[in-house]
Structures are given as structure tokens and as C-alpha cells.
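A short worksheet on the structure shown next.
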Amino acid sequence: LRLDDWQWLDVKSGVAPVQAATTEKFVPQMLNYELVGGVDFKKGCYPGQEVVARSQYLGKLKRRAFLVEADAPMQPGQELYWSGDTNQPAGLVAAAAPSPDGHWTALAELKLAVGHEGSLHLGSPGGAAVRLGVQPIALPELLARLAIADARADTVDAALAAATAAAVDTSQWKCEACPYPKDGLS
């Protein structure tokens, strides 16, 4: 197997390694790490625990990892811009590799608002066109939460909050040396 093919398969797997260009750029859920067992929510204390816990249990995550393709080379750390809001980056390339068909494939963290409307561009609002793919890892937890959520909730956020509040066991969160409260959210 050629190195390029190996790297492309790594990108397609949906798990981006943390690299120098992406250090401290994401919380684990932005790269779907919690879906592949990359985050232990019952482990004691660790740097960033409160932010990670809030993202997980309050359902406030506004970014996720998606596969994207382009004809131009992509590199970890490159910004992606969306035509719906050209004033700021809509995402960041987490991992990239040339695909066997001559294009480039990347795992990119993107705002969920991007959707499939408008266009994505590499590096600047007028940069090379980027095609949005799919989330490489299914979100079964999200679907399960929606299925058990209070049917009277009038928004998806309210449904997620209700389901999360009913299903979360936070009893393991507090360790003696940790300054965070037992519920981990305040």
C-alpha cells in the first residue's frame, strides 16, 4: 500500500490525529472523538474537562467533522470559508490526503450552519472550491436522544436538553482534588 493511499484511508476513517497545525484548535466533539471512544466522560479530572462536559451534556455543539473534497491540495490547519458568511472562517481542515482519483480528501471541522447550501472555499472566500461530503461517523447518540426526548419540546435544542437531563449519570465526575462541582456543569 502506498503512503498516499494509507493517509487517504486514515482521513476517510473519520479520526483525525492531532498535529502541530491543529493543536488546541478543537474540543474533542468537534472531531467526533466521543463517538469512537476517544473521550472518557467518567475519568477524573483533566485540562478542559468542563468545556468538554458542557459540549457533551448540554448539546450546545455548533461544529462537527465532515469529509470534504477539493481539486486543490489541502493541509491540516487551513481555514475553510462558506459563501453564507464570508466574514469569518466556517471551519478548519483537521487532516488531509490526496485521493486515488487525483482529488484531495480532508476531514474538516465545520459549523453545522453550513449545511449543503452555498459553497465552501479553501483559505479565503475566493479560494479553491471545496465539496462538502458527509459526516464520516454516524451520530447514534444524537438520534437516540431525539427519540427519547420530550415530545412536547418545541425545538431540537429543547428536546436534546430534556433527553440529556434525563439520561446523564454524573455521579462519577467528581474527584477529591478537582475544583469542579459534582454535576460538572455549573
Before accepting this row, confirm whether a basic side-chain N of the pair K111/E79 lies closer than 4.0 Å to the acidic partner's carboxylate O.
no

State yes or no: do L110 and L107 share one hydrophobic cluster built from I, L, V, M, F, W and Y residues joined by side-chain heavy-atom distances below 4.5 Å, directly or via other members?
no

Between A96 and P76 the two heavy atoms that sit nearest each other are N-CG, 4.4 Å

Between D71 and R131, is there a side-chain N and carboxylate O pair less than 4.0 Å apart?
yes

Using modelled atom types only, decide if a donor and an acceptor are shared between the side chain of R64 and the backbone of Q29 within a distance under 3.5 Å.
yes

When every non-hydrogen atom of D85 is compared with those of Q88, the smallest separation belongs to OD2-NE2, 2.9 Å

Out of curiosity, M74 CE to L122 CG, how far, rounded to the nearest 0.5 Å?
7.0 Å

Can you name the nearest heavy-atom pair linking S99 to T105, along with the distance?
CB-OG1, 3.6 Å

Check for me, please, whether F26 and V15 land in the same ILVMFWY cluster - side-chain distances under 4.5 Å, paths through other members count.
yes

Is the backbone of V27 close enough, under 3.5 Å, to the side chain of Y33 for a donor and an acceptor to pair up by distance?
no

Heavy atoms, side chains only, cut-off 4.5 Å: are V93 and V68 in contact?
no

For T22 and P17, the nearest pair of non-hydrogen atoms, with its separation, is OG1-O, 4.2 Å

Look up atom OH in Y81 and atom OG1 in T86, then write down how far apart they are to the nearest 0.5 Å.
9.5 Å

What pair of heavy atoms forms the shortest contact from E109 to M30, and how long is it?
CG-CB, 4.0 Å

Distance (rounded to the nearest 0.5 Å) between F66 CZ and N32 CG
8.0 Å

Tell me whether L132 shares a hydrophobic cluster with L112, the cluster being built from Ile, Leu, Val, Met, Phe, Trp, Tyr side chains joined at under 4.5 Å.
yes

Measuring from N87:CG to W82:CH2, what's the distance to the nearest 0.5 Å?
12.0 Å

E24 atom CD, neighbour heavy-atom count above 12 within 6.0 Å:
no

Search all heavy atoms of V130 against all heavy atoms of H121 and return the closest pair with its distance.
CG2-C, 4.1 Å

Taking atom CG of L3 and atom CH2 of W8, what is their separation to the nearest 0.5 Å?
14.5 Å

Would you mind reporting whether D5 and P100 have side-chain heavy atoms less than 4.5 Å apart?
yes

Checking salt bridge (Lys or Arg N to Asp or Glu O under 4.0 Å) for the pair E69/K12: CA distance, chi angles, key distance, verdict?
CA-CA 11 Å; E69 287 190 346; K12 295 286 283 186; 5.2 Å; no

